[in-house]
Amino acid sequence: MRLQLCSVADVTLRVKATQAQATGLGDALWYGGSWMKFGGSYQGTMYFRVVPDGDGAGLRYWTPGYTRCYYTGYSLETIGLGVVAKEFIDGELDCTVRFVTDVTGIASVYIDGVLLEVWDAPGEVAVTDLVSGLYHAVGWKSVSGAGYETCRLGGATATVWDTHVPGPSANWKVRLDGDGNPAVVKSVAHNWTDWVAWVGAAGDPDDYEARWDLYAAGDWDVSQVAVDTDGCFYGVTQEGDTFLSTQRAVFEQYRVGAVPNLSITHHTVSNTLLVTDAGLAGDGSVGMWKVQRKA
Amino acid sequence: MNYSWSERVAVTGVTDADAVASVIATHARLDLLLGTGGDVQVLRMGSIDGGWQTPVEVVSDEAFPSGVNLQGRYALATVGGNPTKTVRFWRLADDGSYAPVGSAVDVYESMGTAQYPSLAVHPDNWRVFVATRVGSKTIINSSPDAGATWHENDVDGVVWPTEVVGLQYPVLCCDKDYLWLVGWRAGVYLGAAGKVECYQFTANSKLEQVGSAVTVGPSDEGKPGFIRRPKTGEMLVLAPKTAGGWSTLSGNTTGIVEYWSVNTGSAWTQQVFHEVP
C-alpha cells in the first residue's frame, strides 16, 4: 500500500558488502554497491543502492513508476554512522530510513534521524505496508566480480516461450553491447513496451543509470522473445504489443524454476527407502517410490 | 543390488512442474516436503503407502527446502531473497510450526544465486553441514551447534565455506567419519548433459577432501538423489534422465537411473532405469 497522509514509516537496513565485490574493476565501487529489495511484491518494491565511495558516496534509491531518486551528496560519515567507506565495504552497518508524510502527502526521508530528502510527489512512495513496522532486507541485487563476464544479476523473471528461450520457467537478463563493454541491464518498466521506450530514451551504455536500471519482468506477460542476428531483440507481449529494441543486446537465459530433482530417505520403521521425483513427469506430478531389499 | 522398486505413485493434488520434493522421516512422523510457488509446504503422510493430508504451508517466501532429522526433530534449510542469497535453517517447534534458528548464512554476492541447499547431520556430535548450489559451484557450510551459528570465515584453520567449483545440485550424506558430497557437473558425458560426481571429506571441523572426485555416471541436469545405508554402507545415487542420446541407455524415455556403490563411493555401477511417465 502507499504511504498514507500524516504517517510515519521506518525501514531498517542492514547493509552488507564484501571486499570481493569491490575488487578488480576500475569503477569497482559502482559495481561493489549493493541492491536491496524490500517488500514481497513488485508493487511494494523499493530499491536501494548504497554507493560507498567514488562518484558521490551515499545511498541511492528509487521506487516503481519510473521515478528514480538519488542523493549523491550523502556521506555515510557525516550522519554519524561511524563508518567510512572502506570499512563499510568490508563489513556491514545498520541504519533506519524513516518516511514521514504530511497532510499533503509530501514525504520527508530521514536516515538515522538526519533529513535526507523531501519528496514532493505524493503517491510515488509505494512501499508495501511500510507503516506497519520494520522491514528487513530480504534480498540483494548487485553486480560483482572481477570483470563484466562474471557479472550476475538475478531476480528478473519472465514466462517466456520461444525456441530461443527454453521455458516455461526461464530467467533472463539483457546485456547492452553498445560500446563494446557489455553491461547488464534491467528495468523497472511495467511491460516490454514501456521498457523499450525507456531504453530508447535512456539506454545510453555510457550512462551508469541506464546500465543499472532494473528490468524486473516479474509476473508480466511476455509470450515471445528472440534475438536477431544483429543482436537486437524483439518480443511480443500477450496483449499483442510488439517491439524491436533500439540497442544491440545479448540475451542470456537461465532457469529459475526447479530442474528435475530426486530424493531418497530411509524410513527406519519399515526399513524402506522412499524415493521422490519432481520435475520429471510430463503431467507435473511428484512421484513416490518404495525401494526395498528383495526377500 | 537386490532391491525392488514399487510402482510410481503420484502424490495427490500436486501438479507443479517446478516443485522441489523430498521426504523427511522420524520414527513418529513421515512428511513430504514440498517447495512450490515460492513457499514451503508439508504434506503429512499416513504411511509409506501414501495417505497424504492437505498441504500445510510452513514457511513462506522461501524456496528449495531440504529436510533432515536432527536429534529426532525435523530441521529444514531453505534459501530466500530475490535473487536467493540467504540460506536459512529452521527447526520444527512443538506447535507444528517451523521457527528460524540462528543467523542466516549469507551467500557472497560475487558467488551468484543460492539454490538447492542440502543438509546432513553428523550422527555423533550433531554437527550440521549444509551444501548449497551457488551459481555453478557448491559451497559447504558447517554449524557445530544445531544451526545456531555457521562458520563463515577461517575457523579451526579451515576456510569456510568450502567450495567445489563446477559442481551443482549438491546432496550430502554423513557418517561418523566421513561426509560425502554428490552433485551434478555440466558437460556432455556419455551422451548425457553431464555427470554425477561423488566427493568424500573427513567429517569434522577440518573438512578435508579424501582422494579425488569419483564419477558416478552420466546424468542430465537435475538434482540427484543420494543416500548411504548406515548399516550396510551401500550407497545409492539416483540421476535424472530427461533426453535421449545416452550411450549407456537408449531411447528418449524420461526417468531415473540407479547407481550403486559398495565401496564407500570409490566405484559405481549403473543398475536399473526406471521410467517416469
Side-chain angles (χ1 to χ4, degrees), chain A residues 16-18 20-21 23 32 34 37 40 137-146 150 152-157 168-169 171 254-270 272-294, chain B residues 1-11 14-25 27 30 32 34-35 48-50 61 64 80-86 106 108-110 112-113 116 135 169 220-227 229-230 236 238-240 242 254-256 274 276-277:
Chain A
K16 187 173 184 178
T18 67
Q21 296 174 347
T23 58
S34 295
K37 176 185 176 182
V138 296
W140 295 82
K141 294 181 182 298
S142 76
V143 174
S144 58
T150 59
R152 293 183 183 280
L153 271 177
T157 61
S169 296
N171 203 348
Y254 57 98
R255 288 181 64 100
V256 292
V259 299
N261 56 97
L262 307 169
S263 80
I264 315 169
T265 304
H266 183 225
H267 186 239
T268 55
V269 176
S270 63
T272 302
L273 297 179
L274 298 176
V275 172
T276 63
D277 68 77
L280 269 179
D283 59 2
S285 64
V286 170
M288 183 169 292
W289 316 63
K290 293 181 293 184
V291 180
Q292 294 175 309
R293 185 181 289 276
K294 294 176 181 174
Chain B
M1 292 296 109
N2 293 317
Y3 284 86
S4 63
W5 284 52
S6 70
E7 293 295 317
R8 180 182 186 271
V9 177
V11 176
V14 179
T15 55
D16 182 356
D18 288 335
V20 174
S22 59
V23 170
I24 45 179
H27 280 86
L30 189 62
L32 178 72
L34 197 63
I48 62 170
D49 295 319
D61 295 330
F64 303 108
N82 182 19
T84 53
K85 293 292 182 186
T86 304
D106 289 330
Y108 295 135
E109 288 294 317
S110 57
T113 301
Y116 296 96
Y169 310 110
D220 288 326
E221 182 174 6
K223 182 176 182 177
F226 176 43
I227 198 169
R229 305 207 62 171
L236 170 62
L238 302 177
T242 58
T254 297
I256 301 170
H274 305 276
V276 173

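Throughout, a chain's letter reflects where its sequence line sits, starting with A, and its residues are numbered from 1. Just so you know, these numbers come straight off a predicted model, no measurement behind them.
- For the pair A:I264/B:L236, a side-chain contact is recorded, criterion being any heavy-atom separation below 4.5 Å from C-beta on.
- Within the 4.5 angstrom heavy-atom criterion, only side-chain atoms of B:T254, from C-beta onward, approach chain A.
- The contact between B:P277 and chain A is made entirely by backbone atoms, counting heavy-atom distances below 4.5 Å.
- Residues B:I256 and A:W289 form a side-chain contact, since some pair of their non-hydrogen atoms from C-beta on lies under 4.5 Å apart.
- Closest non-hydrogen pair, A:V259 versus B:E221, comes out as CG1-OE2, 4.0 Å.
- Within the 3.5 Å criterion, the main-chain N or O of B:A21 finds a donor-acceptor partner in the side chain of A:N261.
- A donor-acceptor pair shorter than 3.5 Å cannot be found between the side chains of A:R293 and B:S4.
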For B:T15 and A:D283, what are the C-alpha separation, side-chain angles and deciding distance, and is it a side chain to side chain contact (heavy atoms under 4.5 Å, CB included)?
-> CA-CA 7 Å; B:T15 55; A:D283 59 2; over 6 Å; no

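- Within the 3.5 Å criterion, the main-chain N or O of B:V23 finds a donor-acceptor partner in the side chain of A:T265.
- Separation of atoms CG (A:D277) and NE2 (B:H274) is listed at 11.0 Å; rounding is to 0.5 Å.
- No other option in A:S263, A:S285, A:G284 has as many heavy-atom pairs under 4.5 Å with chain B as A:G284.
- For the pairing with A:L274, the side chain to side chain contact (heavy atoms under 4.5 Å, CB included) check across B:L32, B:I48, B:I24 returns one residue only, B:I48.
- Residues A:L262 and B:P224 form no side-chain contact, since every pair of their non-hydrogen atoms from C-beta on lies 4.5 Å or further apart.
- Taking both residues in full, the closest heavy atoms of B:A19 and A:V286 are given as CB-CG2, 4.1 Å, listed atom of the first, atom of the second, then distance.
- Under the 4.5 Å side-chain criterion, counting only non-hydrogen atoms from C-beta, A:H266 is in contact with B:R229.
- In terms of non-hydrogen atom pairs under 4.5 Å with chain A, the most contact-rich of B:T242, B:V276, B:L34 is B:V276.
- The distance from atom CE of A:M288 to atom OG of B:S6, rounded to the nearest 0.5 Å, is 9.5 Å.
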Any chance you could lay out the side chain to side chain contact (heavy atoms under 4.5 Å, CB included) test for A:K290 and B:D49, step after step, and finish with the verdict?
-> CA-CA 8 Å; A:K290 293 181 293 184; B:D49 295 319; 2.3 Å; yes

